[in-house]
Amino acid sequence: MTAATTSTDDPTDAPTHPFDPLSAFGLEGRVAVVTGASVGLGRRFARVLHAAGATVVVAARRVDRLQDLAAELGERCVPVACDVTDGAQCEALIAAAVAAGDGRLDVLVNNAGISVIGPAESERFDDFTRVVDVNLNAVFRLCQLAYEPMVQSGGGSIVNVASILGLVAGTPVKQAGYCASKAGVVNLTRELGAQWARRGVRVNAIAPGWFPSEMTEEMWGDEASERFVSTNTALGRAGEDHELDGALLFLASDASTFVIGQTLVVDGGWTIR
């Protein structure tokens with residue numbers, strides 16, 4: 001007696017839809033908030049999420065730049081003035097996003113950040129606390145505010161923008177407050193990811209290396225600074241804007257539904273040595 005065999009060639013077993021792994025990266029119908037969206041990486045993040053199909057609520061203090069971005073992107077871009085250290089303005093931002101989404105909120109990108117450079121022994125305590133307020137405390141506040149709307153929406157993704165300087169020391173670019181705050185973002189991301197995963201709210205982070213931005217603009221054109229970056233980066237250069245697009249879309253979309261509490265390092269190899 002021979003064992004029965006089952007044919008796998010029956011056309012009725014074929015999938016009803018074509019296999020499309022790229023569809024998981026789409027954000028059609030989603031509502032996203034991006035802080036620090038007036039310039040640099042935040043502005044790029046807003047463009048990327050918008051291009052992937054999301055309605056993007058862009059936030060920053062400089063309203064004129066947000067309005068320029070909204071005019072550029074057209075429909076599905078909502079500018080909201082917000083100082084992330086102001087609790088009432090943060091509440092208004094999340095409320096505006098929920099209203100733009102007819103009750104839903106799917107993605108939050110905590111990108112707003114500042115830095116003060118100088119030796120720790122002479123760093124003013126007020127400057128240290130201001131950096132921590134913007135880079136860490138505001139991230140926690142906005143995550144808290146986004147949590148319930150995301151749960152009510154059936155889940156969501158929070159992407160915190162950390163830094164390689166949350167993983168390693170910054171010296172010779174001395175910035176104690178920045179390094180401390182970004183290290184806090186890395187572990188806050190782990191803890192919120194652990195607490196909220198079973199409610200459908202995924203929390204992850206991106207840790208960029210050296211990228212041209214408003215915060216680092218004084219480095220570019222300075223021979224010693226550029227040599228510092230090229231010498232210590234495995235790729236031998238700074239990052240380019242588009243080289244964060246994939247990491248952002250991966251973490252913001254359904255492509256990363258099994259990724260929780262992680263910090264995705266995009267640094268050209270800075271931290272591998």
> Cluster question for you: counting only ILVMFWY and a side-chain heavy-atom cut-off of under 4.5 Å, with indirect links fine, are Ile260 and Val203 together?
Replying inline: no
Are there over 12 heavy-atom neighbours, none belonging to [X], within less than 6.0 Å of that residue's [atom1]?
X	atom1	answer
Phe140	CZ	no
Arg199	CZ	no
Arg61	CZ	no
Glu75	CD	no

> Thinking salt bridges, do Arg130 and Asp127 make one under a 4.0 Å N-O criterion?
Replying inline: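 Salt bridge present between Arg130 and Asp127.
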>> I'd like to know if Arg47 pairs up with Glu72 as an ion pair, taking the criterion as any Lys NZ or Arg NE/NH1/NH2 lying under 4.0 Å from an Asp or Glu carboxylate oxygen.
In response: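 Yes, this pair counts.
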> At what distance, to the nearest 0.5 angstrom, does CG of Leu192 lie from CG of Asn204?
Replying inline: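 If we round to the nearest 0.5 Å, Leu192:CG and Asn204:CG are 11.0 Å apart.
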Does any part of the side chain of [Y], heavy atoms only, come nearer than 4.5 Å to the side chain of [X], both counted from C-beta?
X	Y	answer
Val151	Val201	yes
Phe45	Val159	no
Leu69	Leu73	yes
Ile206	Val266	yes
Arg141	Thr85	no
Val131	Gln175	no
Val161	Leu41	no
Ser153	Val31	no

Heavy atoms only: give me the nearest [X]-[Y] pair and the separation to one decimal.
X	Y	value
Leu108	Met150	N-CE, 3.6 Å
Trp196	Cys143	CH2-O, 3.5 Å
Thr257	Asp254	CG2-O, 3.2 Å
Leu167	Ala207	CD1-CB, 4.3 Å
Ser256	Phe250	OG-O, 2.6 Å
Cys77	Pro79	O-CD, 3.7 Å

Got a donor-acceptor contact below 3.5 angstrom from the [X] side chain to the [Y] backbone?
X	Y	result
Arg43	Arg65	yes
Thr189	Gly261	no
Thr263	Ala205	no
Ser230	Arg227	yes

> Out of Leu105, Asp106, Leu49, which residue meets the side-chain contact (heavy atoms from CB on, under 4.5 Å) rule with Arg30?
Replying inline: Asp106
> Out of Asn137, Asn160, Ile158, Ile94, which one pairs with Leu142 under the side-chain contact (heavy atoms from CB on, under 4.5 Å) rule?
Replying inline: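 In the set Asn137, Asn160, Ile158, Ile94, the residue that makes a side-chain contact (heavy atoms from CB on, under 4.5 Å) with Leu142 is Ile94.
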>> Pair Val39, Arg62 - check side-chain contact (heavy atoms from CB on, under 4.5 Å), show working.
In response: CA-CA 9 Å; Val39 294; Arg62 289 173 284 194; 3.8 Å; yes
> Could you go step by step and tell me if Val173 and Leu165 meet the side-chain contact (heavy atoms from CB on, under 4.5 Å) rule?
Replying inline: CA-CA 10 Å; Val173 184; Leu165 300 188; 5.7 Å; no
>> Checking Val134 against Val84 for the side-chain contact (heavy atoms from CB on, under 4.5 Å) test, could you report, in this order, the C-alpha distance in whole Å, the side-chain angles of both residues, the deciding distance, and whether it holds?
In response: CA-CA 6 Å; Val134 174; Val84 296; 4.1 Å; yes
> Looking at Phe211 versus Trp270, is the centre-to-centre ring distance below 6.0 Å?
Replying inline: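 When the ring centroids of Phe211 and Trp270 are compared, they turn out to be at least 6.0 Å apart.
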